[in-house]
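Step one of this worksheet: look at the structure below.
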Amino acid sequence: MKKVIPSVKGTRDFYPREMAIRTWLYNKVRQVSESFGYQEYEGPMLETLELYAAKSGEELVKEQSFVFPDRGGNLITLRPELTPTLMRMVAQRQGQLTYPLRWWSFGPFWRYERPQRGRTREFFQWNIDLIGAASPEADAEMVAIMASFYQAVGLTPEQVQIHVNNRRLMDAQLARLGLTSELRQSAFRLIDRRDKLSPEAWRAYALEIGLSEAQFDSLTALLENTALWEESEELVRFFEAIDALGFSAYTRFDPQIIRGLDYYTGTVYEGRSQVGGLRRAVAGGGRYDNLLADVGGQPLPGTGFAMGDVVITLLLEETGNLPPDLEASPAPVLVTVFDEEHLLAAYALAGELRAAGINTACYPLPDKLGKQFKYADRIGAQLAVILGPDELAADQVAIKVLAERRQFTVARAAAAAKIREILAAPPAS
RNA sequence: GCGGCUGUAGCUCAAUGGCAGAGCGUCGCACUGUGGAUGCGAAUGUUGCGGGUUCGACCCCCGUCAGCCGCCCCA
């Protein structure tokens, strides 16, 4: 076999099956976003490096972005995330927009990372943000949207849980343990990594960054305290709102959720898969009240989250929640070609059916009928239509219901109506 | 960026230094106006790529590319 030029590392080809999944996912995202009153928007895929230098982490920009010079020598970045773009778009029209702003987007992003299961260098991401509302109820709305999405795609609270915490609460608690401001930042990273290290290694790491034995013990106790949220007025209101929104089952307090991004200021949340082979974060976000000011706008509070397409698709595949018939032809009808002489008659009939609003494919050459039926079956068509000399002479067409191996003839003029009738009927299984 | 595993027909995998194979799939025929079954037959490979060792390499060695697993990181 000839060598095929390879694709770019970490990219994916969307064959019809994968494309059908992506489109299905996009439609779910749209449906859920719109059900909460959010408007779709999109930004450019190319941004200046400068935009990210402002606030995204050092590592993200320097190590994990595709950056290249344009012909004028300016450094261009393939966007690794959407939030800075969103902040710029809002800042540019800050005075003209109506708040609270509810916007969502679903588009491609790039990160220069080592590809592996659940991680590619090119991926799609749902971003949804509520800007201009600082209330805990606004955070609850975001979490409700995330839960609503899980519900819409068939994921149960047993399969995915949204873990919620609040950075202000954690900061206050750490301060109470006597940690300095810098030490609190390190402690955030420490908390974030607890699941990844052995208890011994985690303890060693804690002492290494400067915690005392007593502080370490207190911190451990803090992270075991599932009632800690009661000490945060924000979280108390948050959970009351989640209750009112009807999504308590999907939501739980987890003092260990910190999230990596520096710009989060308050409530943070992370959707986590509880499914056997796939215990990982599938979506995450939080409150960022200083970000707009950081890109040159007037201060405006915001909260939002992102969900990548790769992990959620793996999860839906594993839980059997992807739709069936992903590869079926969009045409439920195949018009067969009886022989060479009747090829154009078949084309004409196919045209009539299309004009009647029925998606119709026509076999493009005079192969044996058996082969054409096999093809019809393979592409997922439900009906095959035959137009041979007998039918033509009687001004009829033969319609074959493939799944039932049943065939009958009908007047040509009535064919479209009859086909519509059969297609509308629930599939006999 | 670091460490490990894997790479053989369209797919899943055998062959462990001595002629590159099987199952599934594909195609053809049985079946010149009718598909999923059955039978018979056929096609398909630079063993990821490049080098080395050897009389001889899918097999051993080096490099490289890709996928996967972990680290890092996680918008």
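Every chain is numbered from 1 and lettered A, B, ... according to where its sequence line falls, protein lines coming before strand lines.
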Would you indicate what R189(A) reaches in the nucleic acid, counting non-hydrogen atoms under 4.0 angstrom: base, sugar-phosphate, or nothing? sugar-phosphate
Let's see if you can work this out: which of U34(B), C73(B), G67(B) has an atom nearest to the side-chain heavy atoms of K9(A)? G67(B)
From CG of L392(A) across to P of G33(B) the rounded distance in Å is 16 Å
Whichever of W110(A) and K374(A) has the more 5' nearest nucleotide on RNA chain B, that residue is K374(A)
For Q256(A), give me all partners under side-chain hydrogen bond (donor to acceptor under 3.5 Å, both in side chains), at least two apart in sequence or on another chain. R194(A), D195(A)
Please classify the nucleic acid contact of G118(A) as base, sugar-phosphate, or nothing, using heavy-atom distances under 4.0 Å. nothing
Name the pairing partner of A57(B), where a pair is Watson-Crick or G-U wobble with both distances under 3.5 Å, or state none. none
Report yes or no: is there a donor-acceptor pair, N or O only, under 3.5 Å between the side chain of R119(A) and the base of C69(B)? no
Nearest whole angstrom, please: distance from the P of U34(B) to the CG of L387(A). 16 Å
Residue D377(A), side-chain atoms from C-beta onward, closest of U34(B), G36(B), C73(B): G36(B)
Between G35(B), C74(B), G67(B), which one does the side chain of P115(A) approach most closely? G67(B)
Tell me what D390(A) touches on the nucleic acid: a base, only sugar-phosphate, or nothing, going by heavy atoms under 4.0 Å. base
Check residues 362-371 of chain A and write down every donor-acceptor pair under 3.5 Å in which the side-chain atom is one partner and the other belongs to a residue at least two apart or another chain.
unit_1  : atom_1 : unit_2  : atom_2 : d
Y363(A) : OH     : D367(A) : OD2    : 2.9

Examine W126(A) together with F149(A) and report whether their ring centres are nearer than 6.0 Å. yes
Heavy atoms only, 4.0 Å cut-off, all strands: where does R79(A) land among base, sugar-phosphate and nothing? nothing
Can you find an N or O donor on one side and an acceptor on the other, under 3.5 Å apart, linking the side chain of E391(A) with the base of G33(B)? yes
Assigned partner base of G67(B), Watson-Crick or wobble definition, under 3.5 Å: C5(B)
Could R287(A) and E137(A) be called an ion pair, given the rule that one side-chain N must be under 4.0 Å from one carboxylate O? no
Can you identify which nucleotide, out of C73(B), C71(B), U26(B), has its nearest atom closest to the Q116(A) side chain? C71(B)
C1' gap between U54(B) and C11(B), integer Å: 35 Å
Using purine N1 to pyrimidine N3 plus N6-O4 or O6-N4 for Watson-Crick, or N1-O2 and O6-N3 for G-U wobble, each under 3.5 Å, what pairs with A43(B)? none
Nearest-angstrom distance, P atom, G41(B) to G35(B): 22 Å
Report which part of the nucleic acid I386(A) touches: base, sugar-phosphate, or nothing (heavy-atom distance under 4.0 Å, all strands). base
Euclidean distance for C1', G45(B) against C13(B) (whole angstrom): 15 Å
Please list, for nucleotides 4-6 of chain B, all pairs of protein and nucleotide N/O atoms separated by less than 3.5 Å.
none

Could you tell me whether W104(A) and F305(A) have their ring centroids closer than 6.0 angstrom? no
Rounding to an integer number of angstrom, what distance separates G28(B) and U34(B) when you compare their P atoms? 16 Å
Tell me the interatomic distance from D367(A), atom CG, to G35(B), atom P, rounded to whole angstroms. 14 Å
Check for a donor-acceptor pair, side chain of R184(A) on one end and backbone N or O of L179(A) on the other, with a separation under 3.5 Å. yes
If the P atom of U47(B) is compared with that of A20(B), how far apart are they to the nearest Å? 10 Å
Face-on cation placement of R121(A) at Y112(A) ring, 6.0 Å and 45° thresholds: yes
Between G48(B) and C68(B), how many Å separate the two C1' atoms, rounded to a whole number? 15 Å
Would you mind reading off the distance between R280(A) atom CZ and C73(B) atom C1', rounded to a whole angstrom? 13 Å
To the nearest angstrom, how far is E113(A) atom CD from C72(B) atom C1'? 9 Å
Criterion side chain to side chain donor-acceptor pair (under 3.5 Å) against T303(A), the qualifying member of D129(A), D289(A), D139(A): D139(A)
Scan Y375(A) against the nucleic acid and name what it touches under 4.0 Å (heavy atoms): base, sugar-phosphate only, or nothing. nothing
Donor-acceptor pair present, Q372(A) side chain and U34(B) base, under 3.5 Å: no
Suppose you measure atom C1' in G10(B) against the same atom in C72(B); what distance do you get, rounded to whole Å? 38 Å
OP1 or OP2 of G36(B) less than 4.0 angstrom from a side-chain nitrogen or oxygen of R405(A), does that happen here? yes
Measuring centre to centre across the rings, with the benzene-like ring taken for any Trp, is W103(A) within less than 6.0 Å of Y41(A)? yes
Would you kindly check whether a donor in the side chain of R117(A) faces an acceptor in the base of G67(B), or vice versa, at under 3.5 angstrom? no
Which nucleotide sits closest to the side chain of K368(A): G33(B), G35(B), C31(B)? C31(B)
Applying the side chain to side chain contact (heavy atoms under 4.5 Å, CB included) criterion to V397(A), which one of L387(A), T409(A), L353(A), L392(A) satisfies it? L387(A)
Would you mind classifying the nucleic acid contact of E270(A) as base, sugar-phosphate or nothing, using non-hydrogen atoms under 4.0 angstrom? nothing
Take the protein atom CG of L369(A) and the nucleotide atom C1' of C31(B), then report the distance between them rounded to whole Å. 12 Å
Partner nucleotide, any strand, of U38(B) [Watson-Crick/G-U, under 3.5 Å]: A30(B)
Is there a Watson-Crick or G-U wobble partner for C24(B) with both distances under 3.5 Å, and which nucleotide is it? G10(B)
Take V8(A) and R259(A), find for each the nucleotide of RNA chain B with the closest heavy atom, and name the residue whose nucleotide sits nearer the 5' end. V8(A)
In whole Å, measure the gap between the P atoms of U46(B) and C59(B) for me. 16 Å
Spell out, as yes or no, whether a donor-acceptor pair under 3.5 Å connects the side chain of R79(A) to the backbone of L46(A). no
Mate of G17(B) across any strand shown (Watson-Crick or G-U wobble, both atom pairs under 3.5 Å) is none
May I have the distance from H342(A) (atom NE2) to U32(B) (atom P), rounded to whole angstrom? 18 Å
Measure from NZ on K371(A) to C1' on U32(B) and round the result to the nearest Å. 15 Å
